[in-house]
Amino acid sequence: MTVKKITILIILALVIIASVQILKPSKQTYQYNKNLSTLIDTVPNNIGVQTHVASEVNNVDVNLIKDNGFRIVRDDILWNSVEKKPGEYDFVSNGYDTFNKKLISNGIRPYHILSYSNVNYEKDNSVVTEKGLKAYTKFTGISADRYKNQNGIWEIWNEPNSARFWMPTFSSIDKYTELVASAATVIRKKDPTGIVVAPALATIDNYSLDWLEDTFQKGLLDHIDALSVHLYRATPPETVREDYKKIRLLVKKYSDRDIPILSGEWGYSTGQAFYGVQLNQRQQAQYLVRMFLINMYEGVPINIWYDWKNDGEDPTDGEQNFGIREYDGTTPKEAAYAAKALTTILSGYHFVQRIEASSKNDYILQFTNDKKETVYAYWTQDNEHSINVDKGHHFKGQELSMFGEDTQKIDTKKNPLFLSNSPAYLKASK
């Protein structure tokens with residue numbers, strides 16, 4: 001064999017080894033947040049809502065958000081609003097300081113989205129230049145230093161797999177993952193209590209999962225504490241279980257870490273939404289409660305409902321009607337009452353197990369608190385019906401409706417359990 005042939009074989013072997021290395025589970029190259037247990041919490045500390053303080057700082061009532069039972073608020077810190085002039089950073093005139101102070105004083109955990117580009121450094125809505133990368137990293141560091149020691153959640157960008165928020169998408173995935181690596185490093189340095197999350201993935205379909213896998217191949221999982229995804233769909237909330245399965249398998253392929261998945265944004269509109277479905281207020285309330293419950297069943301530690309209030313007054317515009325309150329911010333929709341009931345009834349409780357029923361579309365979830373008290377939440381995806389509870393489980397106690405009203409005394413030794421599309425709760429007697 002000639003020296004030339006041996007050289008070619010060696011080069012081919014090195015190429016094969018390199019390609020195999022790409023598919024190996026990623027190794028930790030950063031000091032991850034050791035306090036990830038702060039993500040695993042009881043109701044209502046795992047329940048949050050999206051606001052839009054950048055455009056409506058004077059119309060977001062934080063006291064009302066707290067009273068409605070939410071303990072996390074997700075909102076943007078817009079780079080181009082903070083740094084209007086290169087090197088000058090303003091968190092006052094845009095209302096960010098005031099809003100943050102209100103959140104903290106009300107015991108609400110801030111979930112910051114470090115979002116979008118800046119015309120001082122980039123021509124498109126992305127960060128693809130070295131100049132832009134350095135400037136964005138500096139902006140994230142200044143933000144993290146300003147709002148440090150609050151156990152905040154720091155999300156690097158919003159839906160970068162969408163052309164609406166990052167251009168170009170697939171061809172600059174390496175730039176996005178480089179951005180995450182750089183921003184995560186400075187956030188950890190400035191705010192050791194913070195949780196670094198990404199990528200706020202837009203929807204779960206073949207396109208978005210391909211995009212996500214590309215980021216994993218480029219090392220995204222090496223730099224984040226948790227994976228954030230947006231789970232909008234035309235189907236009922238329970239269908240999300242298959243999507244979580246797909247995401248977890250993908251994560252396992254590229255990392256040996258137990259990386260939490262966050263439901264960073266998800267809701268249902270009472271208008272004709274982009275996914276082709278329009279719900280009435282009762283259906284929106286049902287889906288809100290079922291979304292939170294099914295996420296807890298799936299072990300999702302942070303759950304953000306989109307949106308706090310409607311973004312407009314046109315009832316036919318789906319994008320304007322994701323809120324659980326009307327546009328004025330003071331008028332609640334049925335979903336607001338349902339959210340309040342859930343966070344009140346299950347306050348201090350955590351999910352324990354699902355009680356098996358004869359149909360896979362029937363759900364009975366058991367929750368327990370530190371006093372060993374038990375609450376059951378139950379509903380069906382199918383038409384309303386009654387079921388005989390398995391003999392191994394005896395349900396007895398006070399039933400409450402989806403809106404928290406006392407309905408009837410329950411004793412499954414005497415009567416079957418009634419399930420509808422509206423979840424009900426049973427406070428079990430000892």
Side-chain angles (χ1 to χ4, degrees), residues 30 50 52-55 57 74-97 111-147 152-191 194 196-203 207-208 210-224 227-230 264-265:
Y30 286 78
Q50 175 82 38
H52 299 289
V53 68
S55 59
V57 63
R74 179 178 184 261
D75 208 325
D76 296 282
I77 299 179
L78 297 173
W79 182 17
N80 62 7
S81 176
V82 170
E83 190 183 1
K84 294 179 180 178
K85 294 181 180 180
E88 296 181 12
Y89 302 91
D90 174 19
F91 295 85
V92 178
S93 66
N94 44 37
Y96 292 145
D97 275 1
Y111 185 139
H112 308 288
I113 319 164
L114 297 165
S115 50
Y116 309 134
S117 194
N118 191 312
V119 293
N120 291 314
Y121 304 101
E122 298 286 345
K123 65 177 183 178
D124 293 319
N125 195 16
S126 56
V127 177
V128 295
T129 67
E130 282 299 316
K131 183 180 179 181
L133 177 63
K134 290 179 181 178
Y136 180 85
T137 303
K138 186 176 181 180
F139 153 70
T140 60
I142 289 172
S143 300
D145 186 60
R146 195 174 190 90
Y147 304 128
I153 300 165
W154 297 97
E155 188 165 56
I156 302 171
W157 218 267
N158 177 67
E159 299 187 351
N161 61 311
S162 165
R164 178 183 176 189
F165 298 117
W166 183 282
M167 282 292 292
T169 49
F170 259 97
S171 62
S172 61
I173 287 178
D174 58 329
K175 295 298 182 181
Y176 174 68
T177 52
E178 185 180 6
L179 186 80
V180 172
S182 183
T185 302
V186 72
I187 291 169
R188 288 193 174 91
K189 181 179 179 181
K190 298 293 184 180
D191 181 19
V196 178
V197 308
L201 187 74
T203 70
Y207 172 89
S208 61
D210 286 346
W211 184 94
L212 189 64
E213 182 163 17
D214 277 2
T215 68
F216 289 179
Q217 290 176 346
K218 291 176 170 61
L220 179 77
L221 296 175
D222 288 337
H223 310 292
I224 62 175
L227 187 75
S228 57
V229 294
H230 297 173
E265 182 183 318

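Heavy-atom basis, side chains included; hydrogens, waters and symmetry copies ignored.
Shown here is Lys218, whose NZ atom has more than 12 heavy atoms of other residues, nucleotides or ligands within 6.0 Å.
Atom-to-atom distance recorded for Thr137:OG1 and Leu179:CG is 6.5 Å, nearest 0.5 angstrom. Residue Leu221 holds its CG atom at 4.0 Å from CZ of Phe216, rounded to the nearest 0.5 Å. Interatomic distance, Tyr136 OH to Glu178 CD, rounded to the nearest 0.5 Å: 13.0 Å. Separating the CG atom in Asn125 from the CZ atom in Arg164 is a distance of 10.0 Å, to the nearest 0.5 Å. A distance of 11.0 Å separates OG in Ser143 from CH2 in Trp79, rounded to the nearest 0.5 Å. Annotation: the span from Glu159 atom CD to Ser228 atom OG amounts to 9.5 Å, rounded to 0.5 Å.
Looking only at distances, no side-chain donor or acceptor of Thr177 sits under 3.5 Å from a matching main-chain atom of Leu220. The backbone N or O of Arg74 sits less than 3.5 Å from a side-chain atom of Gln50, completing a donor-acceptor pair. With hydrogens and angles ignored, the 3.5 Å screen pairs a side-chain donor or acceptor of Thr185 with a backbone N or O of Ala181. Checking side-chain atoms of Tyr96 against main-chain N and O of Leu78 turns up a donor-acceptor pair under 3.5 Å. Side-chain atoms of Asp75 come within 3.5 Å of backbone N or O of Val53 as a donor-acceptor pair.
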So Ile77 and Val82, side-chain contact (heavy atoms from CB on, under 4.5 Å) or not? Walk me through it. CA-CA 8 Å; Ile77 299 179; Val82 170; 3.8 Å; yes
Check the pair Glu155, Ile113 against side-chain contact (heavy atoms from CB on, under 4.5 Å), reporting the backbone distance first and the verdict last. CA-CA 5 Å; Glu155 188 165 56; Ile113 319 164; 3.8 Å; yes
Carefully, step by step, assess Thr169 and Tyr176 under the rule side-chain contact (heavy atoms from CB on, under 4.5 Å). CA-CA 9 Å; Thr169 49; Tyr176 174 68; over 6 Å; no
Stepwise side-chain contact (heavy atoms from CB on, under 4.5 Å) test for Leu227 and Leu212: CA-CA 10 Å; Leu227 187 75; Leu212 189 64; 4.3 Å; yes
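Contacts classified as side-chain hydrogen bond (donor to acceptor under 3.5 Å, both in side chains) and involving residues 113-122 (residues at least two apart or in different chains) are given here: Asp76-Ser115, Glu83-Tyr121, Tyr116-Asn158, Asn118-Asn120, Glu122-Thr129.
Looking only at side-chain heavy atoms (C-beta outward), Val196 and His223 stay at 4.5 Å or farther from each other. Side-chain atoms of Thr215 and Pro199, non-hydrogen and from C-beta on, never get closer than 4.5 Å to each other.
Here the shortest heavy-atom pairing between Trp166 and Pro160 reads CB-O, 3.2 Å. Taking every heavy atom of both residues into account, Val180 and Ala198 meet most closely at CG2-CB, 4.4 Å. The two residues Ala200 and Asn161 make their nearest non-hydrogen contact at O-OD1, 4.5 Å. The two residues Val197 and Ile224 make their nearest non-hydrogen contact at C-CG2, 4.4 Å. Taking both residues in full, the closest heavy atoms of Leu114 and Ile187 are given as CD1-CD1, 3.8 Å, listed atom of the first, atom of the second, then distance. Minimum heavy-atom separation, Gly132 to Val127: C-CG1, 3.5 Å.
Aromatic ring orientation, Tyr147 versus Trp154: parallel (interplanar angle below 30°, classes split at 30° and 60°).
For Trp157 and Phe165, the gap between ring centers reaches or exceeds 6.0 Å.
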